[in-house]
Amino acid sequence: MKIKKINIAIDGHSSCGKSTLAKQLSNHFKYTYVDTGAMYRAVCLYALKNDIMKDGIIDKKALTDSLKYINVSFNYNDVSSVSETFLNGVNVENEIRSLWISENVSKISKLKEVRLKMVAIQKEIGKNKGVVMDGRDIGSVVFPNAELKLFITASVNERTRRRSLELKDASLEDIMKNLQSRDHEDSTRDENPLVIMDDAIQIDNTNLSIEEQFNLALSYCQKAMAD
Ligand code: DC
């Protein structure tokens, strides 16, 4: 049996383990992994640090003008086995995961100009296949012809619990509020909202272990790769 090189699109709600699964699959198949949320987070960090975004208000013209100076890239760290995000050559992997960025990023990721630039980069990365990409609009906009589309979700209580293990200083209430508001923003925005595509396979991992989810996804991948 011939094995096809494919693109794997993983979409879903915030903090439901999409990137954990995407990393496992990319390691398993030696595919390129792209965390598109990290790209929007890096743009958000740039906007906050350069006073383009202040108190939740964005200077849209300044941001649009700055887009050409914002370079987001990924480097694989062999020591930690993690793909790390770089903003204009500086490692921002830790900074972009803070609640400060989580609270501001939805306003950045809903802007048309920002999305146009990010989506163009993402499409380019995927043109030779062999990519696992996670985000909100991968199966709908970035790779509408992806051979495999997964839509991942989990209950908001479980997502809050998992996120709180990473964000030790934040209260459960703040984390849950942030998740709910991002779910709402992601699903209701005008530009590339989060939708479940008809051809996507849904996985609710509320009661699945990381390994169980991986094995399930692996079986879908193997099916999609079979010629
Ligand atoms: O997956 P994440 O939480 O790191 O994503 C950060 C934000 O970026 C989130 O609020 C949704 C948004 N996002 C998006 O709009 N489109 C994507 N393809 C990926 C993320």
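What you see below is based on every heavy atom in this structure, not just the backbone, and it leaves out hydrogens, waters and symmetry mates. In listed order, ligands and their atoms are each counted from 1.
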Query raised in the report: Would you find a donor on one side and an acceptor on the other, under 3.5 Å apart, between the side chain of T36 and the backbone of D134?
Result: yes
Query raised in the report: Considering only heavy atoms, does R41 approach ligand 1 within less than 4.0 Å through its side chain, its backbone, both, or neither?
Result: side chain
Report task. Classify the side-chain pair D204/T206 by whether it contains a donor and acceptor separated by less than 3.5 Å. Result -> yes
Query raised in the report: Taking distance alone, with no angle check, do D35 and ligand 1 share an N/O pair under 3.5 Å?
Result: no
Query raised in the report: Would you say the side-chain atoms of Q202 pair up with the backbone N or O of F151, donor to acceptor, closer than 3.5 Å?
Result: no
Requested in this report: Output the list of atoms in ligand 1 that are nearer than 4.0 Å to some heavy atom of R189, sorted by atom number.
Outcome: 14 (C), 15 (O), 16 (N)
Query raised in the report: Looking only at heavy atoms, is any part of R136 under 4.0 Å from ligand 1, and if so is it the side chain, the backbone, or both, or is it neither?
Result: both
Query raised in the report: Any side-chain donor-acceptor pair under 3.5 Å between S14 and R136?
Result: yes
Query raised in the report: Got F86 and N91 here, is their nearest side-chain heavy-atom distance under 4.5 Å?
Result: yes
Query raised in the report: What part of D186 sits under 4.0 Å from ligand 1 if we count only heavy atoms: the side chain, the backbone, both or neither?
Result: side chain
Query raised in the report: For ligand 1, which atoms, with element, lie under 4.0 Å from some heavy atom of T36?
Result: 17 (C), 18 (N), 19 (C)
Query raised in the report: Which atoms of ligand 1 are found less than 4.0 Å from any heavy atom of S106?
Result: 10 (O)
**Report entry** Expected output: side-chain N71 to main-chain N88 donor-acceptor under 3.5 Å
**Finding:** no
Query raised in the report: Any side-chain donor-acceptor pair under 3.5 Å between S102 and R41?
Result: yes
Query - Subset of ligand 1 atoms that lie under 4.0 Å from at least one heavy atom of S109 - result: 8 (O), 12 (C), 15 (O)
Requested in this report: Within a distance under 4.0 Å of any heavy atom of G135, pick out the atoms of ligand 1 and give their elements.
Outcome: 17 (C), 18 (N), 19 (C)
Which atom pairs, donor and acceptor, lie under 3.5 Å between side-chain atoms of residues 51-60 and protein residues at least two apart or in another chain?
{"from": "D59", "atom 1": "OD1", "to": "K61", "atom 2": "N", "distance (Å)": "3.3"}
{"from": "D59", "atom 1": "OD1", "to": "A62", "atom 2": "N", "distance (Å)": "3.1"}

Report summary line: heavy-atom search around atom 3 (O) of ligand 1 in the protein gives R182 NH1, 2.7 Å
Report summary line: Near R115 (heavy-atom distance under 4.0 Å), the atoms of ligand 1 are 14 (C), 15 (O), 16 (N), 17 (C), 18 (N)
